[in-house]
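Step one of this worksheet: look at the structure below.
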Amino acid sequence: MSREVPNYGRTIRLIAGTAHPELAGRIAECMDLPLCDAQVGRFPDGEIDIKINDDVRGGDCFVLQPLCPPVNENWIELLLLLDCLRRASAGRVTAIMPYYGYARKDRKDEGRVPISAKVVANTLTQCGADRVLTIDMHAAQIQGFYDIPVDHLYAKPVLLQAITEMDIDRPVIVTPDVGGIKMARAYAKAIDGADLAIVDKRRISGSEVEVEHMIGEVDGRNVIIVDDMISTGGSISEAARICRNHGAKTIVLAVSHAVLCGPAVERLDNCPADTILATDTIPLRGKRPKQLQTVSVAPLLARAIANLHDSRSLSVLFDKLDDGDD
């Protein structure tokens with residue numbers, strides 16, 4: 001099997017936490033490199049006990065750990081792994097979080113609330129991260145919380161490849177809320193002949209939304225609804241329903257992160273979506289929607305790691321969203 005990424009020998013170190021060992025294994029396979037021997041256990045009272053058995057002194061270390069559920073467990077495990085590597089005299093430590101947790105609270109929008117995303121940034125830096133690599137942050141401005149480099153990749157090229165292989169005729173790219181217009185427009189520009197539509201909704205609570213109306217034309221068209229994540233599934237399920245009510249034919253959901261918490265699976269099973277495309281930034285364990293198809297970001301992350309290790313640019317991987325300046 002031919003590989004785009006060459007073997008980098010003994011200086012690069014891939015360390016996997018327990019959050020997503022499957023993705024870590026795929027990245028290691030893409031790079032033709034072994035994962036470090038890292039023991040992650042528990043003391044009798046539940047505290048995390050970590051030991052890395054391989055020599056990492058002076059190495060270029062990449063810790064693979066998304067902050068997916070259970071979020072707090074995975075967060076503390078990542079911090080301990082970073083501290084372990086720093087105390088083992090690692091040359092450089094990069095925290096790779098394909099899914100960046102605690103990104104919703106990126107500002108103080110009312111009195112007496114924390115800025116949780118800033119707390120994550122502070123702890124990662126203080127525990128030894130020299131660099132952070134992530135995919136499709138819920139709020140991209142969180143990069144500004146760091147005084148260390150943050151590489152923000154996009155899952156769009158991975159999802160676009162899967163969408164292209166579906167050969168969808170006369171597609172309309174739909175965003176389930178006004179806040180996703182920039183992402184939807186980027187997809188529409190990348191797909192020949194694609195139009196853009198917006199579902200206007202009003203949120204009732206953190207898990208419930210009241211959909212208002214459609215801005216744009218989907219009648220008789222094949223619809224691709226794009227979003228950065230599916231959490232409880234309320235927004236995107238309602239978007240699919242209103243698209244169908246407005247005459248949409250085939251409906252495809254394309255999301256970066258399949259968090260799938262609470263009633264998400266039930267909602268997606270009952271929504272009119274024909275296909276759900278999601279990346280593997282989060283492990284999909286247990287029950288999953290019947291329409292779900294997974295596409296892997298492992299090759300994307302492997303190329304990013306290789307470029308970082310060789311001090312090469314990551315701009316060819318960013319595929320930045322259209323900023324509207326052109």
Side-chain angles (χ1 to χ4, degrees), residues 1-17 19-36 56 59-68 78 81 85 90-100 124 129-137 140 143 146 148-165 183 186-187 190-191 226 228 254-258 277-283 293-322:
M1 177 179 175
S2 62
R3 303 182 189 277
E4 290 187 32
V5 183
N7 193 321
Y8 289 98
R10 296 176 58 83
T11 59
I12 192 168
R13 293 287 183 265
L14 302 177
I15 298 97
H20 201 344
E22 299 88 357
L23 177 59
R26 293 179 198 123
I27 294 170
E29 182 180 356
C30 287
M31 300 191 72
D32 196 19
L33 287 173
L35 292 169
C36 279
V56 296
D60 194 5
C61 298
F62 296 86
V63 183
L64 312 167
Q65 181 86 335
L67 297 191
C68 54
L78 174 58
L81 283 166
L85 291 168
R92 181 178 67 172
V93 181
T94 301
I96 299 182
M97 297 180 290
Y99 173 69
Y100 191 104
L124 289 176
D130 297 300
R131 195 177 198 105
V132 170
L133 175 65
T134 189
I135 297 176
D136 279 334
M137 278 185 177
Q143 297 170 76
Y146 289 88
I148 59 175
V150 176
D151 298 302
H152 185 205
L153 301 180
Y154 297 97
K156 181 163 73 77
V158 177
L159 291 170
L160 272 177
Q161 182 177 350
I163 291 170
T164 301
E165 292 172 357
M183 174 181 283
Y187 275 86
I191 300 175
V226 298
D228 64 328
V255 298
S256 304
H257 311 297
L277 296 175
T279 74
D280 58 351
T281 58
I282 293 175
Q293 297 179 18
T294 305
V295 292
S296 183
V297 294
L300 175 68
L301 289 173
R303 287 186 62 194
I305 292 170
N307 283 16
L308 285 174
H309 179 61
D310 279 358
S311 298
R312 289 181 283 161
S313 173
L314 294 187
S315 61
V316 294
L317 307 178
F318 281 5
D319 197 11
K320 294 178 182 177
L321 301 181
D322 177 26

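In what follows, every heavy atom counts, from backbone to side chain, and hydrogens, waters and symmetry copies are set aside. Throughout, residue positions are numbered sequentially from 1 according to the sequence presented.
Atoms CD1 and OG1, on Ile96 and Thr281 in that order, are 13.5 Å from each other to the nearest 0.5 Å. Interatomic distance, CG of Leu277 versus OG1 of Thr294, reported as 9.0 Å (0.5 Å rounding). Residue Arg312 holds its CZ atom at 8.5 Å from CZ of Arg303, rounded to the nearest 0.5 Å.
Between Met31 and Ala306, the shortest heavy-atom contact is CE-N, 4.0 Å. In plain terms, the two heavy atoms of Pro283 and Cys68 that are nearest each other are CD-SG, 3.7 Å. Across every non-hydrogen atom of Leu14 and Ala28, the tightest pair is CD1-CA, 3.9 Å. Heavy atoms only, all atoms of each residue included: Ala190 and Leu160 are closest at CB-CD1, 3.5 Å. When all heavy atoms are compared, the tightest approach of Leu81 to Gly17 is CD1-CA, 3.9 Å. Closest approach of Ala24 and Leu35 over heavy atoms only: O-CD2, 3.9 Å.
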Next item on the list: For the pair Tyr187 and Leu159, evaluate side-chain contact (heavy atoms from CB on, under 4.5 Å) and give the outcome as yes or no after the intermediate values.
Entry: CA-CA 10 Å; Tyr187 275 86; Leu159 291 170; 3.3 Å; yes
Margin query: Show, in sequence, the C-alpha distance, side-chain angles and deciding distance for Leu124 and Tyr146, and conclude whether the side-chain contact (heavy atoms from CB on, under 4.5 Å) test is met.
Written below: CA-CA 9 Å; Leu124 289 176; Tyr146 289 88; 3.3 Å; yes
Checklist line | side-chain hydrogen bond (donor to acceptor under 3.5 Å, both in side chains) between Ser296 and Asp280, intermediate numbers included | finding: CA-CA 5 Å; Ser296 183; Asp280 58 351; 2.8 Å; yes
Check: What do the steps show when you test Ile135 against Val297 for side-chain contact (heavy atoms from CB on, under 4.5 Å), and what is the final call?
Finding: CA-CA 9 Å; Ile135 297 176; Val297 294; 4.0 Å; yes
Next item on the list: Decide yes or no on side-chain contact (heavy atoms from CB on, under 4.5 Å) for Met137 and Val150, but give the supporting numbers first.
Entry: CA-CA 11 Å; Met137 278 185 177; Val150 176; 4.1 Å; yes
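Using a distance-only test at 3.5 Å, with no hydrogens or angles considered, a donor-acceptor pair links the side chain of Asn307 to the main chain of Ser313. Gln143 contributes a side-chain N or O that, together with a main-chain N or O of Ala140, makes up a donor-acceptor pair within less than 3.5 Å. For the pair Gln65 (side chain) and Met97 (backbone), a donor-acceptor distance under 3.5 Å is absent. Side-chain N or O atoms of Thr279 include one that pairs as donor or acceptor with a backbone N or O of Ser256 at under 3.5 Å. Checking side-chain atoms of Asp60 against main-chain N and O of Thr11 turns up no donor-acceptor pair under 3.5 Å.
Proximity of Leu23 to Leu301: side-chain heavy atoms (C-beta onward) are separated by under 4.5 Å at one or more points. Side-chain contact between Leu300 and Leu153: present, with at least one pair of heavy atoms (C-beta onward) separated by less than 4.5 Å. Side-chain contact check for Met183 versus Asp228: some heavy-atom pair is nearer than 4.5 Å. Side-chain atoms of Ile305 and Ile27, non-hydrogen and from C-beta on, do get closer than 4.5 Å to each other. Within the 4.5 Å cutoff, the side chain of Ile15 has no heavy atoms near those of the Leu64 side chain. For the pair Ile12 and Leu33, the minimum side-chain heavy-atom distance is below 4.5 Å. Residues Phe62 and Arg92 have side chains in contact (heavy-atom distance under 4.5 Å, counting atoms from C-beta outward). Put simply, the side chain of Arg131 does not reach to within 4.5 Å of the side chain of Ile148, judged on heavy atoms.
Residues passing the ring pair (Phe, Tyr, Trp, His ring centres under 6.0 Å) test with His20, sequence neighbours excluded: none. Judged as a ring pair (Phe, Tyr, Trp, His ring centres under 6.0 Å), and not counting sequence neighbours, the contacts of Tyr99 are His257.
Just one of Val132, Thr94, Leu308 meets the side-chain contact (heavy atoms from CB on, under 4.5 Å) condition when paired with Asp151; it is Leu308.
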